[in-house]
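Convention: sequence-line order gives letters A, B, ...; per-chain numbering from 1.
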Number of protein chains: 2
Amino acid sequence: MVNQQAALDSLFHALADPTRRAVVSRLLKGAAPVKQLSEPFEMGLPAFLKHLSVLEVSGLIRTEKRGRVRTCRVDAERLAAAEGWLSQQRALWQGRTDRLADFVESQTHPEKTE
Amino acid sequence: MVNQQAALDSLFHALADPTRRAVVSRLLKGAAPVKQLSEPFEMGLPAFLKHLSVLEVSGLIRTEKRGRVRTCRVDAERLAAAEGWLSQQRALWQGRTDRLADFVESQTHPEKTE
DNA sequence: TCTATAGTTCGCCATATGGTGAACCAACAA
DNA sequence: TTGTTGGTTCACCATATGGCGAACTATAGA
């Protein structure tokens with residue numbers, strides 16, 4: 001499933017920006033139109049629309065136009081997808097039976113825990 | 001805490017690349033030197049080192065040089081930090097008392113669930 | 001109908017990203 | 001000491017990203 005990878009790419013990329021994370025946070029509290037969403041931010045509408053576009057392509061939000069206002073809402077399942085990858089990785093880490101070997105390794109090559 | 005934001009930026013950005021996610025996955029199974037880590041990938045060493053650098057700056061991995069080999073290991077706490085933000089957001093979503101309003105909203109503006 | 005509002009599109013720009021090849025340094029190993 | 005190996009650095013390139021202002025479209029309201 002190479003496509004899975006691309007989905008994770010755009011998911012994490014979408015989240016790698018404070019503006020976009022703020023939008024997601026805001027939308028988790030309820031749907032909102034573009035103008036209202038953009039108000040807290042300094043940038044112009046065109047720049048903001050690009051952020052929305054990134055979010056939409058990633059699947060994190062869905063939008064729908066009624067009349068002249070476009071309403072945005074979050075797709076919580078996509079958030080769960082990102083979380084899923086992470087918890088899966090953590091499970092990998094926590095479930096390891098040979099973490100002892102890793103510990104030994106870290107003693108063999110002592111690092112400064114600064 | 002603006003710094004928190006920057007940390008999340010670089011964390012998610014680090015994860016937004018299949019090569020880097022693969023490296024993290026691999027390192028979760030145990031520490032490894034640069035050369036060995038780079039073998040599964042097509043790109044040259046310089047490009048691969050840039051990826052490692054991104055991972056290190058984000059704090060997802062730490063590296064240490066002994067003799068002429070640099071050993072890399074993962075910092076699972078950083079993974080947890082990313083997961084933390086996501087689960088925090090999900091909690092926001094799940095804990096909402098007014099999700100009904102959101103539902104009503106979605107009925108008022110019916111979207112095509114394509 | 002006229003006007004203000006919500007979005008959209010376009011061309012432009014600076015910087016960041018992800019890759020290359022070539023030259024280079026430092027440690028083992030023979 | 002002389003290779004060879006593991007990393008590193010450098011200059012360079014193409015493309016992506018994130019921002020801008022200006023011009024445009026389309027709907028809502030007076």
Query raised in the report: Given dT17(C), is OP1 or OP2 found less than 4.0 Å from the side-chain N or O atoms of His51(B)?
Result: no
Query - Separation of atom CD in Glu42(A) from atom P in dG18(D), rounded to whole Å - result: 18 Å
Query raised in the report: Do Leu60(A) and Leu27(A) have side chains that get closer than 4.5 Å, going by heavy atoms?
Result: no
Report task. Look at the side-chain N and O atoms of Arg66(A) and state whether any lies under 4.0 Å from the OP1 or OP2 oxygen of dT27(D). Result -> no
Requested in this report: Rounded to the nearest angstrom, tell me the gap between atom CZ in Phe48(B) and atom C1' in dG18(C).
Outcome: 14 Å
Query - Backbone of Ser58(B) reached by a side-chain donor or acceptor of Arg78(B) within 3.5 Å - result: yes
Report summary line: Among the nucleotides dG7(D), dT20(C), dG18(C), whichever has the atom closest to the side chain of Lys65(B) is dG7(D)
Query raised in the report: Mapping Arg70(B) and Lys50(A) onto DNA chain D by nearest heavy atom, which one lands closer to the 5' end?
Result: Arg70(B)
Report task. Check the distance between dG6(D)'s C1' and Leu37(B)'s CG and give it to me in whole angstrom. Result -> 13 Å
Report task. Report the distance from atom CE of Met43(B) to atom P of dT17(C), rounded to the nearest whole Å. Result -> 16 Å
Query - Selected nucleotide, minimal atom distance to Leu49(B) side chain, candidates dG18(D), dG18(C), dG7(D) - result: dG7(D)
Query raised in the report: How many Å lie between CD on Glu64(B) and C1' on dG6(D), as a whole number?
Result: 16 Å
Query raised in the report: Ignoring hydrogens and angles, does a donor from either the side chain of Lys35(B) or the base of dG7(D) sit under 3.5 Å from an acceptor on the other?
Result: no
Requested in this report: Take Val69(B) and Val54(A), find for each the nucleotide of DNA chain D with the closest heavy atom, and name the residue whose nucleotide sits nearer the 5' end.
Outcome: Val69(B)
Query raised in the report: Any side-chain N or O of Arg20(B) under 4.0 Å from OP1/OP2 of dG18(C)?
Result: yes
Requested in this report: Quickly work out the Leu45(B) CG to dC24(C) C1' distance and round it to whole Å.
Outcome: 14 Å
Query raised in the report: Please give, in whole Å, the distance from dT17(C) P to Asp17(B) CG?
Result: 12 Å
Report task. May I ask you to check whether Gln89(B) and Arg21(A) show a side-chain donor-acceptor distance below 3.5 Å? Result -> no
Query raised in the report: Could you state the CG-P distance from Asp9(B) to dT17(D), rounded to the nearest angstrom?
Result: 15 Å
Report task. Using a 4.0 Å heavy-atom cut-off across all strands, classify Pro33(B) as base, sugar-phosphate, or nothing. Result -> sugar-phosphate
Query raised in the report: Do the side chain of Arg20(B) and the main chain of Ala14(B) share a donor and acceptor less than 3.5 angstrom apart?
Result: yes
Report task. Output yes when a side-chain donor or acceptor of Arg73(A) lies under 3.5 Å from a complementary backbone atom of Glu64(A), and no otherwise. Result -> no
Query - No-H, no-angle donor-acceptor pair, Arg68(A) side chain to dA6(C) base, under 3.5 Å - result: no
